[in-house]
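Beneath this line is the structure, given in structure tokens, with notes to follow.
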Number of protein chains: 2
Amino acid sequence: MKVARHLVEARRERLADLLRQHRYLPLHDVCTQFGISEATARRDLAALSDEKKVTRTYGGALADYNATFASFAERRNLSREAKRKIAARAIALLRPGMTCYLDAGTTMLALAETLRQRPVTPLTIVTNNLLVAETLAELPGIEVHLLGGLLLRRQSVLLGEQAKKSAAAWRFDLVFLGAEGMDAEGITNSQEDVVEFQKTVAGRSKRTALCLDAAKLVHQAAAFLFPWKQVDLLLTDASPAVLRCHGIAAKLV
Amino acid sequence: MKVARHLVEARRERLADLLRQHRYLPLHDVCTQFGISEATARRDLAALSDEKKVTRTYGGALADYNATFASFAERRNLSREAKRKIAARAIALLRPGMTCYLDAGTTMLALAETLRQRPVTPLTIVTNNLLVAETLAELPGIEVHLLGGLLLRRQSVLLGEQAKKSAAAWRFDLVFLGAEGMDAEGITNSQEDVVEFQKTVAGRSKRTALCLDAAKLVHQAAAFLFPWKQVDLLLTDASPAVLRCHGIAAKLV
DNA sequence: TTTTATATGATTGACTTTAATCATATAACT
DNA sequence: AGTTATATGATTAAAGTCAATCATATAAAA
């Protein structure tokens, strides 16, 4: 029998939350948990799936990171190949004993994932990127330090005064930074506070490596980060020829 | 035909890693990815499942947090009811506008999960517990600050000098601490550095609430944390009578 | 109140997944 | 080299899951 609309939506919200807690639920558990038939459970999951809050699997459903790390997860699959290429080059720069900083962003997560598969040890990694930290933690020989700060969930990153202060306590051999745009002038990023933070970190390091995939070439973001002469290394999947024709001259790796 | 043992194990490790990246894989994808039959894929997943590295689902498998937050996840289901009870009492102590610290440990995670479902706002939460931070982040009206420090993955927690320094920058209205044991003398915990840290945090707060489930009653851990008189509030599922007969006299909530 | 729209559970048949068994090739052991 | 142990894929029957359809009760709209 039909049930009031608001009750349905409330149930679906509770379902999304339950799913978030369990990370995965078989269809049957959904039925018993809410005392509904399989058909309704299926319809509920289908609805949540349409809203991209969960992912259906054969026999159940998965909580979506999308629900939590929304924009982050979306971009994650973008130009994946490019990110992998950049990550491989970045890792070639690592030497045992180094202390490195890994920036926010999906490119850095790709770097961390690659590093996880082909570790360089010993290494001290400092980051404000929660997913990077979780990816690298527990690898033997790699010490992970997370900077403190205000948690911005959408980007899964820590920022704010406290983060800047934490960063100031370090000396890095090499910092890897990501950004949103690059052109003949230099590097740009979308948020002022992110740029602030990146400058702080770069100031504490011997060398600074910028990681940008070719898709960032045309794009110009709001906040100016660096002119090219402050960039020690550029890691990109764009060819030298393409870079030249955009008027970019940087030390490629 | 039989294949060398080391190849099997290598494949299973790669599978675990692949799964970790994808969070979920349908059985069929495992087959195509490694070019193996369903039977073998099933056996591989079963093996990883025995090692608690993945969780089998109907039609596929899930990456386990167990693989990463091993001991943490195991304890998570222990005395769940007790933790929920404690969490409910803890949340009753919260008032809009407060700045609170949430400690490491599964009890605090339960608290965070409960808070997520029945939010008190506005609230500033400071923690060194990654799972707590992720649980609470993005809730409207709740600001989450993560302390910096060395990431101890097994406990999913941040510690070390840096963490202590970060904590020293705060003033709390109320801190919630967990511990491993309690007796007539006071509260004990298992690790010296954790205790150190807890003392630092408690020193920065107006009030200190200790959260311990009844299972901790007999247990006595290595490092001494507090005598009872330094505990402002005791949140526990143990009855007053039981506490008395263990010689514990604290302000119950 | 009457009418319309819809949320639900039951039923069905098609399709998938599973666990168990087996033959075989080959790794590991003696 | 000869023997044993086992990792593999194929086959099967049983169980589970799914999408579609339908009758019904009731919420929402008129």
For this session: Assess whether atom CD of B:Glu51 is packed by more than 12 heavy atoms of other residues, nucleotides or ligands within 6.0 Å.
Result: yes
Exercise. With nearest nucleotides of DNA chain C determined for A:Met1 and A:Tyr58 from heavy-atom distances, which residue corresponds to the more 5′ nucleotide?
Worked result: A:Met1
Problem set entry | From CZ (B:Arg95) to SG (B:Cys100), nearest 0.5 Å | 10.5 Å
Exercise. With B:His145, which of B:Asn128, B:Val126, B:Thr127 fulfils side-chain contact (heavy atoms from CB on, under 4.5 Å)?
Worked result: B:Val126
Exercise. In Å and rounded to the nearest 0.5 Å, what is the CG to CZ distance from B:Leu62 to A:Arg23?
Worked result: 5.0 Å
Problem set entry | Criterion salt bridge (Lys or Arg N to Asp or Glu O under 4.0 Å) on A:Asp17 and A:Arg14, from CA distance to verdict | CA-CA 5 Å; A:Asp17 231 49; A:Arg14 278 191 297 143; over 6 Å; no
Exercise. Just how far is it from atom OG1 of A:Thr57 to atom CG of A:Leu45, taken to the nearest 0.5 Å?
Worked result: 9.0 Å
Exercise. Of B:Lys2 and B:His28, whose nearest nucleotide on DNA chain C comes first from the 5' end?
Worked result: B:His28
Seminar exercise, completed: Within residues 30-43 of chain A, the residues having a heavy atom closer than 4.0 Å to DNA chain D are A:Arg42
Problem set entry | Heavy-atom contact window of chain A on DNA chain D, given 5' to 3' at under 4.0 Å | D:dG16 to D:dA28
Exercise. Around A:Glu13, counting heavy atoms of other residues, nucleotides and ligands shown, do more than 12 lie under 6.0 Å from its CD?
Worked result: no
Problem set entry | Protein-nucleotide distance (B:Leu7, atom CG; C:dT26, atom C1'), rounded to Å | 12 Å
For this session: Rounded to the nearest 0.5 Å, what's the gap from CG on B:Leu15 to CG on B:Leu25? Could you check?
Result: 7.0 Å
